[in-house]
Every structure is written in structure tokens, then in C-alpha cells.
There are 2 protein chains.
Amino acid sequence: MTAIRYDGEVVVLGGRRTPQRKWVLNALIDSNGFVSAQTLYTRLVQLGSPVGLSTVYRTLRVLTEGGRADIVRDSNGERLFRYRPSVEHQHYILCRRCGLSTAVEATAVEAWAKNVATFSGFAEVEHTVELSGLCPQCRVRG
Amino acid sequence: MTAIRYDGEVVVLGGRRTPQRKWVLNALIDSNGFVSAQTLYTRLVQLGSPVGLSTVYRTLRVLTEGGRADIVRDSNGERLFRYRPSVEHQHYILCRRCGLSTAVEATAVEAWAKNVATFSGFAEVEHTVELSGLCPQCRVRG
DNA sequence: TTCGTTGCAAAAGGTTTGCATACCA
DNA sequence: TGGTATGCAAACCTTTTGCAACGAA
């Protein structure tokens, strides 16, 4: 999919380069945190980039499969996507109120997961870790 | 909700004791692992315990809120429920192929989560950890 | 008798898919 | 031109809800 230049960084993925995909990718990067497909869609339409909802979903899927986006689920089961600049596995803590997300140091968890993988007898172990709370700002606001 | 005796253990929750709730609770316990509401529903109907799907959902919700069930999400976003004998917070590793679940030692993760809570500036931090892989059996079967 | 609980059907959401059309390469 | 991507609407699925009827206490 699309190869675009954004803020000096070049994002390359297989497939065809279409305006829609550029829009979706840019909007995702601009979001600077986790967003739902629906939100992204609404935002794009409002900005005058008439993209179809299905295209948003399809693009996000491609990005995710290509390792360029992280997925997390909010408490309602809705999927939230976030652009991933690095290719490394990353964990975040998410504010339940405003959605602010911050990467967290998770070496300990990685180590633990690896350990469980070793001693559980399970193979091809994957892990999902989701942290949520109230960010400093929201914490103050009550 | 219901107070029933099962295999020597007494499960007590506030509310009214109805046959439906007993059936759902028993079916959940019998599942001995994670099951979806839909599966539980189908199973109950087949066993001749004509319970409504909404009742299954409502009962599972009550159980979860009462701390007597754990929830996990499978890769499709479907919620899986598991009866929780102890009241403690527990983590599992789930087989992606057969669904087998095994509790894992997660003190390290708990400690890490607490640590992140402390240093991230976030309050009321909650965490979700989901591990999946191929269990020894499925691993062998290919 | 009371009011929590049930069951059905309909509604809600989010996400996916079928298919004809548009368009990148 | 060939094959991929798009857009719309319909389909899907799981989960929730409205409401009248039921039944545990």
C-alpha cells in the first residue's frame, strides 16, 4: 500500500497508492494517539476528504497487518488504532476519560511473557497488555 | 443473585434465585474454561434448559460485576467468560486452537502494573493482560 | 402482593462483504 | 488494459434494551 512522506518520515507499504489511503494514513498519524475507525472516518469527511467507511477499515487493516499500527480495545470492545513509527512492539497506558495515550516501559512484561512462554509449555505465545487510568490532567479535573 | 451449591462450593450472589440463573452458573462452571455467552446459550438449550439469550447475558454481567467471573476477549472481539472460584485477580494463557486455558503466575505483571501506575502520573490504573499460544497438545498435532 | 426476572423481538453498534464502478500502474 | 481499490448498501455478529408476562419471596 501507499508510500507517503510525512514529517520527514517515509511510510512504505505494499499495494496501490491512492488518495484515500494517503488521507487515512495522514489522519491516523495526525491523531497522535489511539482513534477508532469511526472517528477517523468522521474526521476525514469533515475535512473534505470524502472517503468511504469501508476504505478506512480496509486501510487500517492493511496498516495493522503491515505492522504500522497498534490495536487496542476500549472498554466497549471498540477497536482503537494508533500509528506505529517504529516496528517494535509497544505498550501504552490510556486515559479512560480523554483518550490520551502514553507509551510505557514494558521490559518487565516482555520478560514475563517470554518466561511464561517458556514454562507453560505453550508455543507461539502472543500477549496483549492494556493499561488504562486517569491521566494527570483528568485526574485533577475530577 | 442466586446462591447455589456446586461440588461442595457455595456460590452466593445477591438477587433472586431462579432456575435460569442456576443453569447458567452451572453451565459456566462446567465449562471449566472460557466460553462465550452464545456458546453457553446454545449448550443450555441443547441440554433442555430453555433459557433466553438475554438472560444468559444478564446473568453473566451480574456474575462479572460480582467478581465471580473473568472476562477475556478473543481475537474477534467476542467476550469469553470464565467462572472464578477465588475472588483474586487472575491471569490466563489461552490456547488459540482448542481454547484450553491455564492460570499463569503473574506477580511480575501485577508489580509492573503497580509500578507504572506510580510513575506514569495516572490514577486508578487498571490492567488487562491476555496471553495466547498453542497448548502442548495442539502444538504436537501441528 | 410486590417487584425483580424472563423472553421475545427489535434495536444498537461496530465491522465486514458483495458488487458494480473507478482508476492506478 | 488488467487488476486493485473504492463506495454504497446490505449483511453480520455480538450485545443491549423495551416491554408485557411471570413468578420468587
Side-chain angles (χ1 to χ4, degrees), chain A residues 1-4 11-28 34-66 68-82 99, chain B residues 1-4 12-28 34-66 69-82 99:
Chain A
M1 150 202 195
T2 316
I4 72 159
V11 179
V12 184
L13 286 175
R16 206 166 271 180
R17 175 182 308 137
T18 68
Q20 288 89 341
R21 290 187 164 185
K22 287 186 201 167
W23 295 333
V24 173
L25 182 46
N26 279 326
L28 180 65
F34 286 97
V35 263
S36 67
Q38 307 274 351
T39 302
L40 226 40
Y41 167 69
T42 307
R43 210 172 275 170
L44 283 169
V45 171
Q46 287 177 339
L47 288 174
S49 307
V51 76
L53 178 57
S54 7
T55 297
V56 173
Y57 274 108
R58 286 191 272 236
T59 303
L60 288 172
R61 163 180 287 195
V62 172
L63 280 169
T64 303
E65 289 174 346
R68 307 316 309 261
D70 289 314
I71 297 184
V72 109
R73 272 183 201 280
D74 68 11
S75 42
N76 302 313
E78 191 175 12
R79 286 206 192 67
L80 303 180
F81 301 81
R82 166 168 169 153
Chain B
M1 158 206 187
T2 316
I4 71 159
V12 184
L13 287 173
R16 207 166 272 181
R17 175 182 309 141
T18 68
Q20 288 90 338
R21 291 188 164 184
K22 286 186 201 168
W23 294 333
V24 173
L25 181 46
N26 278 327
L28 180 65
F34 285 98
V35 264
S36 68
Q38 306 275 351
T39 302
L40 226 39
Y41 167 69
T42 306
R43 208 170 278 171
L44 283 168
V45 171
Q46 288 177 338
L47 288 176
S49 307
V51 76
L53 179 57
S54 8
T55 297
V56 173
Y57 275 108
R58 287 191 274 236
T59 303
L60 287 172
R61 163 179 286 194
V62 172
L63 279 170
T64 303
E65 290 173 346
D70 289 313
I71 297 184
V72 109
R73 271 183 203 281
D74 66 14
S75 43
N76 301 312
E78 192 176 13
R79 293 223 260 284
L80 303 181
F81 301 81
R82 167 167 167 152

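- Atom CG in B:Leu25 sits about 15 Å away from atom P in C:dT5, given to the nearest Å.
- Considering only side-chain atoms of A:Arg17, the nucleotide from C:dG14, C:dA25, C:dT5 that sits closest is C:dA25.
- Of the N and O atoms on the side chains of A:Thr42 and A:Thr39, not one donor lies less than 3.5 Å from an acceptor on the other residue.
- Remark: B:Arg61 is in phosphate contact with D:dT16, judged by side-chain N or O atoms under 4.0 Å from OP1 or OP2.
- Between the side chain of A:Arg58 and the base of D:dG7, at least one donor-acceptor pair of N or O atoms lies under 3.5 Å.
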Evaluate the side-chain contact (heavy atoms from CB on, under 4.5 Å) criterion for residues A:Phe81 and A:Asp70: first the C-alpha distance (whole Å), next the side-chain angles of each, then the deciding distance (0.1 Å), finally the verdict. CA-CA 6 Å; A:Phe81 301 81; A:Asp70 289 314; over 6 Å; no
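- Computed from coordinates, the A:Lys22 NZ to C:dC24 C1' distance equals 11 Å when rounded to whole Å.
- For the atom pair CD of A:Gln20 and OG of A:Ser49, the computed distance is 9.5 Å after rounding to the nearest 0.5 Å.
- Projected onto DNA chain D by closest heavy-atom contact, B:Ser54 and A:Thr55 fall at different nucleotides, the more 5' of which corresponds to A:Thr55.
- For the OP1/OP2 pair of D:dT4 and a distance below 4.0 Å, the side-chain nitrogens and oxygens of A:Arg21 include no atom meeting the criterion.
- In this structure, B:Leu63 atom CG and D:dT15 atom P are separated by 15 Å, rounded to whole Å.
- For the OP1/OP2 pair of C:dT16 and a distance below 4.0 Å, the side-chain nitrogens and oxygens of A:Tyr57 include no atom meeting the criterion.
- C:dT15 atom P lies 11 Å from atom CG of A:Asn76, rounded to whole Å.
- Checking D:dT15, C:dT5, D:dA5 against the side-chain heavy atoms of B:Arg16 singles out C:dT5 as nearest.
- Whole-Å rounding puts the B:Leu53 CG to C:dA11 C1' distance at 14 Å.
- Test A:Leu63, A:Leu60, A:Thr59 against A:Leu25 for side chain to side chain contact (heavy atoms under 4.5 Å, CB included) and you get one pass: A:Leu63.
- Distance CD (B:Glu65) to P (D:dT16): 10 Å, rounded to an integer number of Å.
- Across all strands shown, B:Arg79 has heavy atoms under 4.0 Å from sugar-phosphate atoms exclusively, and none from any base.
- Taking atom OH of residue B:Tyr41 and atom C1' of nucleotide C:dT6, one finds them 13 Å apart after rounding to whole Å.
- Atom CG of A:Leu80 is separated from atom P of C:dG14 by 11 Å (rounded to the nearest Å).
- The side chain of B:Val51 lies closest to C:dG7 when the candidates are D:dT14, C:dG7, C:dG14.
- Residue B:Gln20 has a polar side-chain atom (N or O) positioned under 4.0 Å from OP1 or OP2 of C:dG7.
- No donor-acceptor contact under 3.5 angstrom links the side chains of A:Gln46 and A:Tyr41, judged on distance only.
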